[in-house]
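These numbers were taken from a predicted model, which means no experiment stands behind them. For ligands, and for the atoms within them, numbers begin at 1 and follow the listed sequence.
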Amino acid sequence: MSAAASGTLTIGDELTVTRLGFGAMRVAGPGVWGPPADRETAVGVLRRAVELGINLIDTADSYGPHVSEELIAEALHPYPDGLLVATKGGLERTGPGEWPRNGRPEHLRSACEGSLGRLRVDQIDLYQLHAPDPDVPYADSVGTLKELQDEGKIRHVGVSNVTVEQLAQARSIVDVVTVQNRFNLTDRSSADVLAVCERDGLGFFPWFPLAAGDLAQPGGHVDEIAAHHDATPGQVALAWLLRRSAVMLPIPGTGSVEHLEENVAAAALELSDDELEQLEAAA
Ligand SMILES: NC(=O)c1ccc[n+]([C@@H]2O[C@H](COP(=O)([O-])OP(=O)(O)OC[C@H]3O[C@@H](n4cnc5c(N)ncnc54)[C@H](OP(=O)(O)O)[C@@H]3O)[C@@H](O)[C@H]2O)c1
């Protein structure tokens, strides 16, 4: 079993990664707050992900906060060649499940410095602005990432939770190489943003990729297709994403090795054209 079955995506014309990534939000404690109940398991999940051929790990300073980045460094530093650890800044944490936005330049600067230290690197390969802050002009937040790139602290810039208009605005300020928006079988509201990424060759990281909702209920389309492939609904949801677009790089997250292995196995699940059509029509 290998994530390599998902194929590859080249980010920013130079970083080629396997198209099935890993989201490291779920290695923190419940509510993405504090340390995990079992640190050894969390470290084991991260190491197993890389063993299984995953070489893009998505994290953020706000996961824990800090816990996810610290665990990644503990598990994997010095990083193997070709491993891309992508992090994000722009959210704060005030408690479990609370994520206030902060896109002020001074916050983004200190967030980036913190991530550099926790990840133990001199430069972050891919730094993503976690979300636009309605209280701060988006141009000011994106402009700060451009400055950090000019200073050598960031190699490539990505954005997250953006509209088509916000993506265009960001790209007028800095070269944006990836977008990370919520997208799955039951929530395709970012299809317009995905279309821009496809047209212009930007990577698209769909977050919450495993959601299959009612489609996974017994008798639903996903359930039937899953049964046909002797797979789980979650695996069908991932296979559908991988098939949906060549710029798609799902980042399913888990704190369990068993779930990780199940998710990686989805890289080899090939949906027929007919199944794809059924899933396209279903949501
Ligand atoms: N940019 C943003 O605003 C944003 C927002 C949310 C997430 N993200 C990123 O996207 C990644 C994925 O998002 P997500 O974690 O919300 O959604 P997800 O990957 O679709 O779902 C993760 C959830 O599904 C469970 N799970 C995973 N594999 C499973 C399996 N094989 N069988 C049963 N349950 C399974 C996990 O629990 P267990 O731990 O028990 O397996 C966890 O509760 C995050 O890790 C993060 O990197 C970004």
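Per-atom contact check: atom 1 (N) of ligand 1 touches the protein, criterion being a heavy-atom distance below 4.0 Å.
Scanning the protein heavy atoms around atom 21 (O) of ligand 1, the nearest turns out to be Leu210 CD1, 3.8 Å. The protein heavy-atom contact nearest to atom 47 (O) of ligand 1 is Asp58 OD2, 2.7 Å. Residue, atom and distance of the protein heavy atom nearest to atom 15 (O) of ligand 1 are Arg26 NE, 2.7 Å. Taking atom 28 (N) of ligand 1 as the reference point, the nearest protein heavy-atom neighbour is Asn263 ND2, 3.0 Å. Among all non-hydrogen protein atoms, the one lying nearest atom 48 (C) of ligand 1 is Gln180 OE1, 2.9 Å. For atom 3 (O) of ligand 1, the closest non-hydrogen atom of the protein is Asn161 ND2, 2.8 Å. The nearest heavy-atom contact from the protein to atom 19 (O) of ligand 1 is Gly253 N, 2.8 Å.
Remark: Glu270 CD is loosely packed, at most 12 non-hydrogen atoms of other residues, nucleotides or ligands lying under 6.0 Å away.
Between Glu92 and His107, the closest side-chain pair of non-hydrogen atoms falls below 4.5 Å.
Proximity of Gln128 to ligand 1, defined as any heavy-atom pair under 4.0 Å, is not found for any part of the residue. Only the side chain of Tyr63 comes within 4.0 Å of ligand 1, counting heavy atoms alone; its backbone N, CA, C and O stay farther away. Residue Ala24 touches ligand 1 through its backbone alone, judged by heavy-atom distances below 4.0 Å. By the criterion of a heavy-atom distance under 4.0 Å, the side chain of Glu262, and not its backbone, is placed next to ligand 1.
At a threshold of 4.0 Å, the pair Arg109-Glu106 does not count as salt-bridged, since none of the basic side-chain nitrogens sits closer than that to a carboxylate oxygen.
Taking only nitrogen or oxygen atoms, main chain and side chain alike, Ser256 does not reach within less than 3.5 Å of ligand 1. Residue Pro252 has no N or O atom closer than 3.5 Å to an N or O atom of ligand 1. Every N/O-N/O distance between Ala211 and ligand 1 stays at or above 3.5 Å.
Taking every heavy atom of Gly255 and a limit of under 4.0 angstrom, the matching atoms of ligand 1 come to 39 (O). Each of the atoms 1 (N), 2 (C) of ligand 1 lies under 4.0 Å from some heavy atom of Ser160.
Ring geometry, Trp240 versus Phe183: the interplanar angle falls under 30°, so the pair is classed parallel (tilted spans 30 to 60°).
The line from CD1 of Ile54 to CG of Leu260 is 5.5 Å long, rounded to the nearest 0.5 Å.
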